[in-house]
Amino acid sequence: MPELTEQQLTDQVDLLTRGAEALYTESELRHRLAWAAREGRPLRVKLGMDPTSPDIHVGHVVQLRQIRKFQDLGHKAVLIIGDYTARIGDPSGVNKTRPVLSGEQIDANAATYVAQLSRVLDPSPEKLEVRRNSEWLSQMSFEQVIRLCSQMTVARMMERDTFELRFKDGVPIGVHEFLYPFMQGYDSVCIHADVELGGSDQTFNNLVGRTLQENAGQKPQIVMIFPLMVGLDGVQKMSKSKGNYIGITDEPNDMFGKVMSIPDALMGNYFELGTELSRAEIAALVDPAQTHPRKAKAELARLIVSQYHGPASGAAALAEFDRVFSQGNVPTDMPEIPIPAGAIPLVDLITLGQFADSRGEARRLIQQNAVSLDDVKISDIAATVTPATGQILRVGKRRFGKIVVQ
RNA sequence: GGGAGUGUGCCCGAGCGGACAAAGGGAACAGACUGUAAAUCUGUCGGCAUUAGCCUACGGAGGUUCGAAUCCUCCCGCUCCCA
């Protein structure tokens with residue numbers, strides 16, 4: 001890497017920090033970039049992932065996209081699978097002690113991570129390093145842990161509002177949860193992170209990394225904080241545990257439908273964080289005077305689907321959506337329901353198709369006028385039908401199944 | 001170690017001997033209305049049963065009672081105060 005001119009440095013800083021909510025600190029980033037270029041040494045950009053559930057959602061992508069920019073400038077992403085950290089459970093979430101994952105599970109999850117991340121990041125070995133924090137954390141002696149803990153005070157810990165709030169509300173806080181920021185920060189020390197990106201809920205943890213690195217005689221990592229994406233419900237942050245997310249491996253039609261179901265007020269946020277459109281383009285789209293909201297949202301959905309599945313899939317999902325929901329046609333693809341030949345009570349047909357967990361629920365659905373077979377509504381809970389292969393069972397607005405007689 | 005509380009359905013939370021499958025809210029599902037929006041309105045929301053009804057369930061195990069989520073005993077978990 002050749003030395004950078006002042007202008008190039010400014011451009012890079014600008015590019016890399018676009019969309020960041022906070023930056024600690026800009027001048028450090030500038031100097032670190034210049035130093036990397038001078039020494040011909042790529043920066044190490046840290047990215048931590050919780051291995052307990054393997055879905056990466058579009059909220060993560062806000063940061064991933066920035067990391068990709070680092071990669072494209074010649075730097076290296078370091079993915080840390082927090083297999084050891086996962087034993088504690090993130091204090092920012094609900095208070096639950098998580099199960100210890102087996103080595104195989106972690107391997108499997110790690111593999112899917114890399115596969116999923118490849119949709120955004122450059123997965124080539126010189127650009128992406130994958131580590132587990134059990135590598136170093138499981139080797140630590142108790143004495144080392146004590147020394148680590150001595151670098152922070154209880155008052156400092158209690159600054160985290162997740163702790164403060166829980167304490168005030170009488171929600172239990174395990175002492176071990178205080179170790180969480182240490183583990184995360186110590187990861188930065190062990191991998192010699194130059195930069196760490198995180199969501200705004202990770203600010204504290206990321207800054208602890210700076211403290212620990214400094215105490216260990218390293219240059220503290222530059223911390224870039226990105227806004228969190230709001231979940232589909234329009235209220236809570238997008239997260240795996242809340243189930244209000246769009247996974248980057250979701251099927252195109254699912255993904256499209258999920259985007260369409262968000263409240264209008266959320267479109268701006270999604271355009272900004274979920275797409276690469278410019279501010280001006282977004283402004284035109286979210287202004288109801290210029291663009292009909294429904295059209296704007298469809299465009300948003302198309303863009304998001306295209307990002308992960310390609311433009312053709314984006315267009316196809318749009319067309320399918322119109323077909324099924326605007327025109328009321330049946331979808332092109334739907335799950336098959338294998339059934340035995342002969343007459344069958346309708347309630348059993350519904351449970352076979354897994355549209356209801358119990359026969360009682362199936363009965364209720366029928367009573368609520370939600371069930372139809374080949375477009376014919378059936379509202380008699382005692383109905384018995386003799387379906388043929390190819391007939392279509394529909395439950396509610398969006399659940400369809402094609403009958404296959406065995 | 002001493003004391004005071006508390007544990008309810010997916011979540012929050014009321015109930016404190018019968019009228020309790022358990023108020024209310026949230027989530028979810030269905031219907032209406034729509035732009036499959038959101039908001040709103042209506043309904044459903046443990047299981048089996050066509051109804052009657054039966055079974056399972058209020059931290060766990062026993063007990064008192066015709067009858068217990070509600071009272072008693074022990075155990076377990078959690079919170080707070082004092083040490």
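Labels below follow one simple rule: chain letters A, B, ... track the order of the sequence lines, proteins then strands, and each chain is numbered from 1.
- A:His75 places a side-chain N or O within donor-acceptor distance of the main-chain N or O of A:Leu43, the cut-off being under 3.5 Å.
- Contact annotation for A:Ala382: no contact, since no heavy-atom pair falls under 4.0 Å across all strands.
- When the C1' atom of B:A32 is taken as reference, atom NZ of A:Lys377 falls 12 Å away, rounded to whole Å.
- In this structure, the CZ atom of A:Phe355 is 24 Å from the P atom of B:U44, given to the nearest Å.
- Set against B:U44, B:G31, B:G35, the side chain of A:Arg364 has B:U44 as its closest nucleotide.
- A straight line from CD1 of A:Ile366 to C1' of B:G43 spans 16 Å, rounded to a whole angstrom.
- Of all nucleotides present, only B:G43 satisfies the Watson-Crick or G-U wobble test against B:C29, with each distance under 3.5 Å.
- A:Arg398 has no side-chain polar atom (N or O) that falls below the 4.0 Å cut-off from OP1 or OP2 of B:C29.
- If you check B:A21 for Watson-Crick or wobble pairing at under 3.5 angstrom, you find it has no partner at all.
- Put simply, A:Arg359 has no side-chain N or O that comes within less than 4.0 Å of OP1 or OP2 on B:C48.
- Electrostatic pairing of A:Glu214 and A:Arg210 does not count as a salt bridge here, judged by no charged N lying under 4.0 Å from a carboxylate O.
- Between A:Phe321 atom CZ and B:G35 atom C1' there is a gap of 8 Å when expressed in whole angstrom units.
- Here B:G47 presents its C1' atom at 12 Å from CG of A:Asp357, a figure rounded to the nearest Å.
- With both pairing distances under 3.5 Å, B:C16 is matched to nothing as a Watson-Crick or G-U wobble pair.
- Comparing B:G35, B:G31, B:A38 by their closest approach to the side chain of A:Lys397 singles out B:G31.
- When the C1' atom is compared between B:G24 and B:G18, the two are found 23 Å apart, to the nearest whole Å.
- A:Asn244 has its CG atom 16 Å from the C1' atom of B:A38, to the nearest Å.
- For the 3.5 Å distance criterion, the side chains of A:Thr211 and A:Gln151 fail to qualify, holding no donor opposite an acceptor.
- Close to B:A30, at under 4.0 Å from its OP1 or OP2, lies a side-chain N or O of A:Arg399.
- Using a 4.5 Å heavy-atom cutoff, the side chains of A:Thr203 and A:Val223 are not in contact.
- Distance from the side chain of A:Arg363 is smallest for B:U50 among the nucleotides B:U50, B:A38, B:C29.
- In this model, the phosphate group of B:A30 is not approached by any side-chain N or O of A:Arg394 to a distance below 4.0 Å at OP1 or OP2.
- Nucleotide B:U6 has B:G77 as its partner under the Watson-Crick or G-U criteria, with both atom distances under 3.5 Å.
- Checked by distance alone, A:Gln368 brings a side-chain donor or acceptor within 3.5 Å of a matching partner on the base of B:G43.
- For the pair A:Lys258 and A:Asp254, the salt-bridge criterion is not met [side-chain N within less than 4.0 Å of a carboxylate O].
- A:Gln202 and A:Gln184 share a donor-acceptor pair across their side chains, judged by distance under 3.5 Å alone.
- Contact check, A:Ser261 against B:A38: no side-chain N or O comes under 4.0 Å of OP1 or OP2.
- Between B:C16 and B:A49, the two P atoms lie 35 Å apart (nearest whole Å).
- If you check B:A38 for Watson-Crick or wobble pairing at under 3.5 angstrom, you find it has no partner at all.
- For B:U50, there is no paired nucleotide, since no Watson-Crick or G-U wobble pair has both relevant distances below 3.5 Å.
- To the nearest angstrom, P of B:A28 lies 15 Å from CD of A:Glu361.
- The pairing partner recorded for B:A69 is none, the criterion being a Watson-Crick or G-U wobble arrangement whose two distances lie under 3.5 angstrom.
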